[in-house]
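Take a look at the structure set out below.
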Amino acid sequence: MARSFLLWGVLAVGIVVEGLVAPVPPQPLPREKRQLGQVDLPVTTEELCKNKDNEEFFRLPTMPDCRDVFRCDRSGTNGPIRLAAVRCPNALAFDVDNQVCDWKKNVKNCDRLERPRKVQPLLYTDEPICPPNQLACGDGTCIAKAFFCNGNSDCADGSDENACNVREDPNRAPKCDKEQCILPDCFCSADGTQIPGNLGLNQTPQMITITFSGAINEGNIDLYQDIFNENNKNTNGCQIKGTFFVSHRYTNYSAVQELHRKGHEIAVFSISNRAEASYWTDGTYDDWLTEMAGARLITERFANITDNSIIGVRAPYLRVGGNTQFEMMTDQLFIYDASITAPLSRVPLWPYTLYFRMPHKCHGNAQNCPSRSHPVWEMVVNELDRREDLKHDEQLSGCHFVDSCTNIRDAEQFEKLLHNNFDRHYNTNRAPLGLHFTAAWFKRNKDFKNVLMKFINEKRAQNDVYFVTLLQVIQWMQNPTEVTAIRDFADWKEKCDVKGQPYCSLPNSCPLRTQELRNEELNLYTCMECPRNYPWLLNPTGDGLDLV
């Protein structure tokens, strides 16, 4: 399975090469080529950085290794321009088109120095070019402002679709307005760190969310039973709950049905879980519809979930699909997304609604965050601090999934990661602490399950710490309740302490084929009746019915 690796958040005071930092003088030297550390610059830094933003990585012709890239670091509006250098890990190369480190076999552009330049619209000019409510294309042609960044090329040069990120989209969502954004329907703050309901720190419960992404089957259900065993209860007497983002292929839907019966939250992680990055980043409305609404239809039918509780989406590889993804979510009544990453910061962010602009920079794979206003909650993924010694270790970039904290190799390091990040949340603003996993990570690291279970036992003993689902976080934010009253918080009492037996002890094993997968035979496990075909993108029910 292909994986991409993030680079964001790397800063340097000068050129950094193999640990060597060479300060960059504030004024360019009067010669054509300058040598900084071990790097030759073909032109001055100012010329090199012309028309490049701070988050664009590029190669230098003097650096033949496809792992080495640079970006421009501007110190304020009028400060000097410096270069920050980044090297991909061994066995990886930098993809300048997608702006990520990827496996070398996947990178086909090592011969190019930078991503292709696109014609930019004339959004900001000294004198107005167009009448009110119109903007200029790159060639000076005026079209309606509403046509910019709508997914269709209305300018002859296509420039109306070339400046559409969160910072540039002319029709982007406005900044947070507390007078208009009012709970329970809307929540925002200027920097994303404010506690809902203006509660004090000691009045706010520390919520911890444990999520798993991927297929649910006999290979991992025992792990989930151990972590979420019946004896693990929060202070309010309710069993701790988790959120499962389910991908379709290889999933046992009788196991999903049992997790739902016990009160865990089921959300969608797509049907195909395709590895191609561009499939998600540049996906069409129909792509997102068939993957996510189709996954919900499959799960509801074959896990017999009839209470309309599947309301959450996570994009595979956290490859956010921009406004297109969120337009689909709005139309299909999905309530929240859990794919956008916030960079590591001293104070973590609370979830927010996308009626107003995101309170942090677009961070992570492909940076295709939604720029428009959407009636959707963003259960933001706060990056984890992976340093062992927070006082003495050098600054490291954060990691989104616990699995992606590549320096965590033994149980002691994992335990430190959990406690360090708990303290950061608990002692600052008690934003929900998200611990996001794949089951395979625990299978590869046998000792880590016991570390997590020990952490759960320690923290649930505190009367102000609760292990909850992402939906339960939203329910609390819509009705902020002080710790002293949280024991009786009604929205957290549903399926509080579930007893009894599974709906079926012997699920149907359905050996099925579908033409979409070249008639490969796959087993579908379900307590429901077997369909005629294996459910897939164009046939989610398995009965030849179209997705409506």
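Between the side chain of Gln99 and the main chain of Val96, a donor-acceptor pair closer than 3.5 Å is present. Under a 3.5 Å cut-off, the side chain of Arg112 and the backbone N or O of Asn109 do not form any donor-acceptor pair. Not a single donor-acceptor pair under 3.5 Å links the side chain of Asp95 to the backbone N or O of Val107. Checked by atom type and distance alone, the side chain of Asn152 never pairs as donor or acceptor with a backbone atom of Asp154 at under 3.5 Å. A distance-only check finds no donor-acceptor pair linking the side chain of Gln332 to the backbone of Leu289 [under 3.5 Å]. A distance-only check finds no donor-acceptor pair linking the side chain of Lys361 to the backbone of Met358 [under 3.5 Å]. Under the 3.5 Å distance criterion, the side-chain polar atoms of Ser153 are left unmatched by any main-chain donor or acceptor of Cys155. In terms of modelled atom types and a separation under 3.5 Å, the side chain of Gln325 and the main chain of Val320 share no donor-acceptor contact. Using a distance-only test at 3.5 Å, with no hydrogens or angles considered, no donor-acceptor pair links the side chain of Arg386 to the main chain of Gly398. Between the side chain of Asp447 and the backbone N or O of Ala411, no donor-acceptor pair lies under 3.5 Å.
With hydrogens and angles left out, the side-chain atoms of Asn539 and Thr514 include no donor and acceptor closer than 3.5 Å. Judged purely by distance below 3.5 Å, without hydrogens or angles, the side chains of Asn162 and Ser159 never pair a donor atom with an acceptor atom. For the 3.5 Å distance criterion, the side chains of Asp337 and Ser339 qualify, holding a donor opposite an acceptor. Judged purely by distance below 3.5 Å, without hydrogens or angles, the side chains of Thr44 and Glu47 pair a donor atom with an acceptor atom. Side-chain contact, Gln515 with Tyr534: no donor N or O sits under 3.5 Å from an acceptor N or O.
For Gln120, the CD atom is densely surrounded, since the number of other residues' heavy atoms within 6.0 Å is greater than 12. The environment of CZ in Arg117 is crowded: more than 12 heavy-atom neighbours from other residues, nucleotides or ligands sit within 6.0 Å. Other residues, nucleotides and ligands place more than 12 heavy atoms under 6.0 Å from the CD atom of Glu114. Counting non-hydrogen atoms of neighbouring residues, nucleotides and ligands closer than 6.0 angstrom, the CZ atom of Phe422 exceeds 12 such neighbours.
Residues passing the ring pair (Phe, Tyr, Trp, His ring centres under 6.0 Å) test with Phe58: none are found, sequence neighbours excluded. Lys443 meets the side-chain hydrogen bond (donor to acceptor under 3.5 Å, both in side chains) test with Asp222; sequence neighbours excluded. Listed by chain and residue number, Asn252 satisfy the side-chain contact (heavy atoms from CB on, under 4.5 Å) test with Glu218 (two or more places apart in sequence, or in another chain).
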With ring-ring contact (aromatic ring centres under 6.0 Å, His included) as the test, would you mind laying out the steps for Phe57 and Phe70 before giving the verdict? CA-CA 5 Å; Phe57 288 87; Phe70 298 80; 9.5 Å; no

Exercise for review: Starting from the C-alpha separation in whole Å, work towards a yes-or-no answer on side-chain contact (heavy atoms from CB on, under 4.5 Å) for Asn382 and His425.
Suggested key: CA-CA 10 Å; Asn382 284 294; His425 284 247; 4.2 Å; yes

Take Thr290 and Ile271, measure what side-chain contact (heavy atoms from CB on, under 4.5 Å) needs, and give me the verdict at the end. CA-CA 8 Å; Thr290 54; Ile271 292 177; 5.8 Å; no

### Message
Pair Asp226, Lys449 - check salt bridge (Lys or Arg N to Asp or Glu O under 4.0 Å), show working.
### Response
CA-CA 9 Å; Asp226 289 342; Lys449 180 184 73 173; 2.7 Å; yes

Could you walk me through whether Thr299 and Leu297 satisfy the side-chain contact (heavy atoms from CB on, under 4.5 Å) test, starting with their C-alpha distance in whole Å, then the side-chain angles of each, then the deciding distance to 0.1 Å, before giving a yes or no? CA-CA 6 Å; Thr299 305; Leu297 180 57; over 6 Å; no

message = Let's go through Ser270 and Trp280 carefully: what are the C-alpha distance in whole Å and the side-chain angles of both, what is the deciding distance for side-chain contact (heavy atoms from CB on, under 4.5 Å) to 0.1 Å, and is it a yes or a no?
response = CA-CA 10 Å; Ser270 81; Trp280 305 103; 3.5 Å; yes

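Between Leu418 and Lys416, the closest side-chain pair of non-hydrogen atoms is not below 4.5 Å. Inter-residue side-chain proximity for Glu388 and Gln413 is flagged as met; some heavy-atom pair is nearer than 4.5 Å. Contact of the Thr324 side chain with the Phe326 side chain is not registered, since no non-hydrogen atoms from C-beta on lie closer than 4.5 Å. When side chains are defined from C-beta on, Tyr279 counts as touching Ser272, because their heavy atoms get closer than 4.5 Å. With a 4.5 Å cut-off on side-chain heavy atoms, Trp377 and Ile311 do not count as touching. For the pair Pro121/Leu135, no side-chain contact is recorded, criterion being any heavy-atom separation below 4.5 Å from C-beta on. The side-chain heavy atoms of Pro316 and Arg274, taken from C-beta on, include no pair separated by under 4.5 Å. The shortest distance between side-chain heavy atoms of Cys369 and Asn165 does not fall below 4.5 Å.
Aromatic ring pairs are classed by plane angle as parallel below 30°, tilted from 30° to 60° and perpendicular above 60°; the pair His248 and Trp536 is tilted.
In this structure, CG on Asp73 lies 5.0 Å from CZ on Arg71, to the nearest 0.5 angstrom. Distance check, rounded to the nearest 0.5 Å: OG1 of Thr438 to CG of Asn220 gives 9.5 Å. Separating the SG atom in Cys399 from the CG atom in Asn421 is a distance of 7.5 Å, to the nearest 0.5 Å. Put simply, SG on Cys66 and CZ on Arg59 are 4.0 Å apart, with the number rounded to the nearest 0.5 Å. Taking CG from Asp385 and CG from Leu396, the interatomic distance works out to 7.5 Å, rounded to the nearest 0.5 Å. Considering CZ of Phe148 and CG of Asp160, their distance stands at 5.5 Å, rounded to 0.5 Å.
For Trp441 and Phe414, the ring centers are positioned less than 6.0 Å apart. Taking the centre of each ring, Phe401 and Phe437 stay at or above the 6.0 Å mark. Under the 6.0 Å cut-off for aromatic ring centres, His360 and Tyr352 qualify, their centroids lying closer than that. Under the 6.0 Å cut-off for aromatic ring centres, Tyr224 and Phe212 qualify, their centroids lying closer than that.
Arg87 and Asp68 are joined by a salt bridge, as a carboxylate oxygen and a charged side-chain nitrogen come within less than 4.0 angstrom of each other. The pair Glu276-Arg319 fails the salt-bridge criterion, with no side-chain N (NZ, NE, NH1 or NH2) lying under 4.0 Å from an Asp/Glu carboxylate O. Between Lys454 and Glu415 there is a salt bridge, with a side-chain nitrogen of the basic residue lying less than 4.0 Å from a carboxylate oxygen of the acidic one.
Considering all non-hydrogen atoms of both residues, Val119 and Gly138 come closest at CG1-CA, 4.0 Å. Looking at every heavy atom in both residues, Leu470 comes nearest to Thr243 through N-OG1, 3.1 Å. The shortest non-hydrogen separation linking Ala255 to Ile221 is CB-CD1, 4.1 Å.
SG distance check for Cys49 and Cys72: under 2.5 Å.
For the side-chain contact (heavy atoms from CB on, under 4.5 Å) with Thr211, the qualifying choice from Glu265, Met379, His436 is His436, the only one to do so.
Remark: Arg314 is positioned above the aromatic ring of Phe245, its terminal NZ or CZ atom under 6.0 angstrom from the ring centre and at most 45 degrees off the axis.
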